[in-house]
S.K.: 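Encoded as structure tokens, here's the structure I'll be asking about.
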Amino acid sequence: MQQTTTEQLVIVTPGETIMEDNEGYLLGHGTYLDDDNRVVASKCGIVERISQYISVKPLQSRYMPRDGDVIVGRISKLTHSSWVVDINGYQDAILRLSSVNIATTQRRKTYEDSLNMRALFVEDDVIVAEIMDSKKFVSLQTRSARYGKLSKGIFIKVKPMLIKPSHNRFHTFSFGTEIIIGANGYIFIRQFDPQRERVAKQTNPFSLGHTVKQEEEEKKVNQQPVVNSQEHMINMIRVRNAVAALDKLLLPIHPDTILKVVEASRTLEPKYMIEHEHMLTMTASIRS
Amino acid sequence: SGRAGRRGIDDRGIVIIMLKKDLDESQARQMLSGKPDKLNSAFYLSYYMILNLMRVEEITPEYIMQRSLLQYQNEQKKPELEKQKLAIDHKLSDMVIENEGQMKTFYYLKRQIEIQKNQIRNIITKPIYAAEFLNTGRMVQVSANGKTWGWGPIINFAVDRVAQTKPMESRSPTDYSVDVLLYCDPVSIHHDVPQPAPNPQEAVPEIVPVSLNSIESFSTLRIYLNKNLKTLSSRHEVMNRIKETISRLPNEKIPLADPVSDMNIAEELIVSSQKELAALEDRLNQHPLSNSPNIEASFAHFMKKVELEQHAQKLSKEIEDCGRISLINDLNQMQRVLRRLQFVSKDNHLLTKGRVAAEISAGDSLVLTELIFQAAFNQMPPENIAAVLSALVFDAKPEDNANYKFNVKPLEEAYEQLLKSAKRVAEVTKDAGVEKVEVDTYVQSFSPLLMEVTHAWCKGSPFIEICKMTSIYEGSIVRSMRRLDELLRQLCVATRTIGDTALEEKFAKASTLLKRDIVFSTSLYIQQ
């Protein structure tokens with residue numbers, strides 16, 4: 001939340017007057033001008049002021065798309081040359097056939113490709129993509145090898161405002177679970193696969209790869225003895241429940257906070273993590 | 001000659017060169033078989049680029065900079081520089097200096113003496129003190145640009161015309177030109193710049209104009225000069241008279257004018273410098289090497305080694321710079337500016353202002369974003385908005401803007417607001433460490449010359465009328481208006497991100513008012 005340092009948080013409800021006179025002010029999202037030239041809030045949230053610009057940042061809203069954000073989405077339907085994707089926004093986004101890589105190559109899509117769209121993504125598939133353009137309508141692209149269909153994992157939806165801007169949405173924990181925190185509040189949890197990561201790095205010339213911290217953790221994962229898949233599943237469930245707890249208690253959702261909750265939950269069986277009192281104890285360190 | 005042959009179709013092209021009669025053979029050889037022009041990278045960082053790179057999650061600006069042609073070309077320079085350094089290092093290891101330790105202290109003393117002498121010189125050549133001593137016939141010691149001329153009498157002096165209007169305290173030594181009779185190298189007097197005589201037997205006395213700060217010291221001695229110094233013999237006469245006078249002086253030393261007692265200089269620095277100088281010269285005389293027989297030659301040898309070491313250091317620094325990402329300093333400074341203006345958060349994520357600025361590339365994005373967020377455009381009618389924005393797209397020389405008088409008051413006020421914003425941005429940029437930015441030049445780069453012209457055009461004036469309003473070429477007017485239209489388009493998109501629909505409509509309206517008639521016609525021959 002941006003606010004000028006000397007001002008306090010001002011919370012408004014729809015219909016509340018923010019300013020008596022609109023002269024000299026820029027009206028942003030969540031505000032409108034009424035007949036008496038008063039600046040009135042149209043949403044419930046915190047007033048944001050940057051110089052003469054006033055807007056209302058709603059506490060609970062759908063995701064507002066921005067260029068460059070990495071998001072997780074769900075295919076809702078297919079058209080003849082694109083997929084319509086649900087991204088938890090006010091509108092669905094479009095993923096054009098021309099914006100995907102077919103088998104890691106980038107080439108012009110032919111008529112046959114448009115007939116074979118179902119081979120790539122079908123309805124209800126979960127994908128991770130990047131927002132290319134959000135001016136007229138939201139359009140996505142999956143040109144990196146790290147983007148594309150997500151499978152064999154757990155999908156969970158949280159409030160978008162709990163997700164801070166970050167430069168890396170793909171995070172792997174030391175116990176082998178990978179989490180993809182979409183900027184739009186959709187999160188996918190799956191088992192980290194070093195082979196897949198290697199392929200992604202090799203084939204994508206534009207990929208930065210993981211950050212240094214993650215590379216260290218990757219090494220830890222690769223050095224661990226092969227664990228059975230039930231342990232993987234339990235770890236994934238712990239992460240999922242940790243995210244659910246953070247969402248319920250309106251705490252920021254970030255790999256650091258998730259890790260704290262997971263570590264605090266080691267004494268518990270995963271299924272008890274979503275009980276209210278346990279949620280409170282696990283998140284105690286974050287809430288303080 | 002440009003490209004010969006059709007691309008993709010011809011594998012050979014024929015070029016016919018018309019040669020001038022006086023074409024040099026080497027030039028012709030260069031044209032026909034020489035190397036192609038070197039392609040040097042003109043990569044530069046702009047705020048628009050940085051903001052858009054910071055917006056994308058996968059990459060960073062450094063990532064792109066590392067993969068630019070500029071970086072590649074800098075890295076290519078590295079092997080050559082390393083070779084040069086290696087050669088110098090070899091030479092240095094072969095150079096053996098006797099008594100190197102003592103030499104170093106000797107050199108240090110000499111350098112300190114030089115520094116003190118220069119300090120003293122800087123004070124005594126200040127016009128407030130020196131002007132009284134610029135008398136005809138006064139003996140002065142001259143040295144400039146590393147060349148020592150020795151002693152000679154002042155013939156005349158002149159003050160620069162502009163400096164004559166200034167009071168004494170604000171004049172500088174370079175405003176004064178002093179004619180001194182000095183011994184010159186006979187060969188050099190026929191060239192542009194005379195040189196001191198290496199051999200006193202062959203030296204020729206000539207009148208040499210030097211600037212006041214070339215005078216090392218003044219003497220209390222004044223020589224009687226012949227009225228006419230045009231002939232060589234009269235000048236020789238003067239020089240001989242000087243030699244005679246000196247021979248009659250005690251120790252044959254020319255008496256120096258003491259800065260404190262003779263020149264009445266009251267500055268504290270002069271007294272401390274003189275004391276320092278005396279102490280240093282004492283130490284130099286007591287130095288074990290000062291009396292050794294070959295001191296001149298071995299010192300010269302030592303100086304060569306010092307120069308080589310300095311050269312090697314410079315090369316090391318250049319090699320180190322090659323290894324880093326070029327322009328990384330610029331990037332850090334610019335990111336600092338963005339953070340201070342609150343376009344970007346501390347962890348380098350775009351804030352609302354940054355997202356607006358990332359849409360603007362046709363004009364100064366920082367200044368424009370500041371203006372938008374100050375609601376500068378909200379109360380202005382569309383034609384005034386177009387007029388103000390013309391200041392951001394019109395390239396004019398700063399001198400032309402100096403005394404522009406506005407005829408329309410609201411435009412003048414709008415322009416004032418623009419300048420205030422520009423000043424703030426320039427100050428923040430300078431504070432962030434960008435040295436090459438000068439606040440005044442930056443502010444003056446926004447030219448008001450097209451403001452009233454654009455205003456009139458938007459209100460419907462015909463093109464011929466607006467051309468009469470200014471002496472700027474018609475082509476420049478058309479070009480600026482087209483750039484203005486592009487800027488308005490970008491501003492529409494930018495205001496959409498912040499959600500002020502009224503402002504967005506204003507920009508769109510301004511664009512409609514602008515886009516008409518001859519300025520925006522795609523062809524002057526066909527009507528479309």
Side-chain angles (χ1 to χ4, degrees), chain A residues 1-5 22-33 39 42-43 48-57 64-71 128 130-136 141 143-147 164-170 181-183 204-211, chain B residues 51-64 66-67 341-359 369-380 417 420-421 424 489-507:
Chain A
M1 303 290 182
Q2 296 154 77
Q3 60 216 49
T4 50
T5 46
N22 80 312
E23 176 125 4
Y25 290 106
L26 264 178
L27 268 55
H29 298 290
T31 62
Y32 67 91
L33 206 61
V39 180
S42 60
K43 296 221 178 118
E48 178 190 16
R49 274 200 61 178
I50 306 172
S51 289
Q52 306 295 95
Y53 169 74
I54 304 176
S55 78
V56 178
K57 268 242 166 101
M64 297 290 281
R66 292 181 197 167
D67 287 5
D69 269 356
V70 175
I71 52 108
V128 58
E130 185 182 311
I131 296 185
M132 202 158 68
D133 177 25
S134 62
K135 315 271 173 25
K136 285 221 173 103
Q141 55 103 335
R143 291 235 173 76
S144 166
R146 302 212 291 165
Y147 301 149
K164 291 193 295 193
S166 149
H167 278 297
N168 204 334
R169 303 267 170 208
F170 294 73
I181 306 178
N204 181 24
F206 302 116
S207 168
L208 257 188
H210 280 172
T211 56
Chain B
L51 283 166
N52 277 292
L53 287 174
M54 286 166 82
R55 181 198 267 209
V56 178
E57 296 196 0
E58 281 240 312
I59 57 173
T60 59
E62 287 94 334
Y63 186 82
I64 297 290
Q66 271 175 328
R67 286 155 181 79
L341 287 172
Q342 295 189 314
F343 281 47
V344 152
S345 73
K346 284 204 191 72
D347 20 318
N348 284 349
H349 289 117
L350 260 62
L351 299 173
T352 318
K353 270 191 180 177
R355 273 181 290 128
V356 169
E359 302 296 333
T369 312
E370 289 287 304
L371 280 174
I372 290 175
F373 277 86
Q374 285 162 17
F377 297 121
N378 278 52
Q379 304 296 333
M380 278 193 233
Q417 200 168 10
K420 246 189 3 195
S421 252
R424 170 143 195 269
R489 230 180 304 139
Q490 287 181 345
L491 283 170
C492 282
V493 173
T495 37
R496 213 170 296 156
T497 38
I498 49 175
D500 190 330
T501 39
L503 189 58
E504 192 188 332
E505 277 166 18
K506 279 214 170 127
F507 287 135

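Numbers restart at 1 for each chain; the letters A, B, ... are given by sequence-line order, proteins then strands.
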S.K.: Is it the side chain or the backbone of B/Leu503 that comes within 4.5 Å of chain A heavy atoms, both, or neither?
M.R.: side chain
S.K.: On a heavy-atom basis, which atom in B/Gln374 and which in A/Ser51 lie closest, and how many Å separate them?
M.R.: N-CB, 4.5 Å
S.K.: Atom CZ of residue position A/Arg66 - does it have more than 12 heavy atoms of other residues, nucleotides or ligands inside 6.0 Å?
M.R.: no
S.K.: May I ask you to check whether over 12 heavy atoms, not counting those of B/Lys420, lie within 6.0 Å of atom NZ?
M.R.: no
S.K.: Under a 4.5 Å heavy-atom cut-off, does chain B meet the side chain of A/Glu23, its backbone, both or neither?
M.R.: both
S.K.: Quick check: closest heavy atoms across A/Gly24 and B/Ala375, and the distance to 0.1 Å?
M.R.: O-CB, 3.3 Å
S.K.: Is B/Thr497 close to chain A through its backbone or its side chain, or both, or neither, when contacts mean heavy atoms under 4.5 Å?
M.R.: backbone
S.K.: With a 4.5 angstrom heavy-atom cut-off, which part of B/Glu359 approaches chain A: side chain, backbone, both or neither?
M.R.: side chain
S.K.: Would you say A/Ile50 and B/Lys353 make side-chain contact, with heavy atoms under 4.5 Å?
M.R.: yes
S.K.: Please name the pair of heavy atoms, one in B/Ile498 and one in A/Leu26, separated by the smallest distance, quoted to 0.1 Å.
M.R.: CD1-CD1, 4.2 Å
S.K.: Evaluate A/Glu48 against B/Thr352 for side chain to side chain contact (heavy atoms under 4.5 Å, CB included), listing each step before the verdict.
M.R.: CA-CA 10 Å; A/Glu48 178 190 16; B/Thr352 318; 3.5 Å; yes
S.K.: Pick one of side chain, backbone, both or neither for A/Tyr147, based on which atoms fall under 4.5 Å of a heavy atom in chain B.
M.R.: side chain
S.K.: For chain B, find which of A/Ala183, A/Ser166, A/Gly30 contributes the most heavy-atom pairs closer than 4.5 angstrom.
M.R.: A/Ser166
S.K.: Do side-chain atoms of B/Asp500 reach the backbone of A/Leu27 as a donor and acceptor pair under 3.5 angstrom?
M.R.: yes
S.K.: Side chain from CB out, backbone as N, CA, C, O: work out which of these in A/Tyr53 comes under 4.5 Å of a heavy atom of chain B, or both, or neither.
M.R.: both
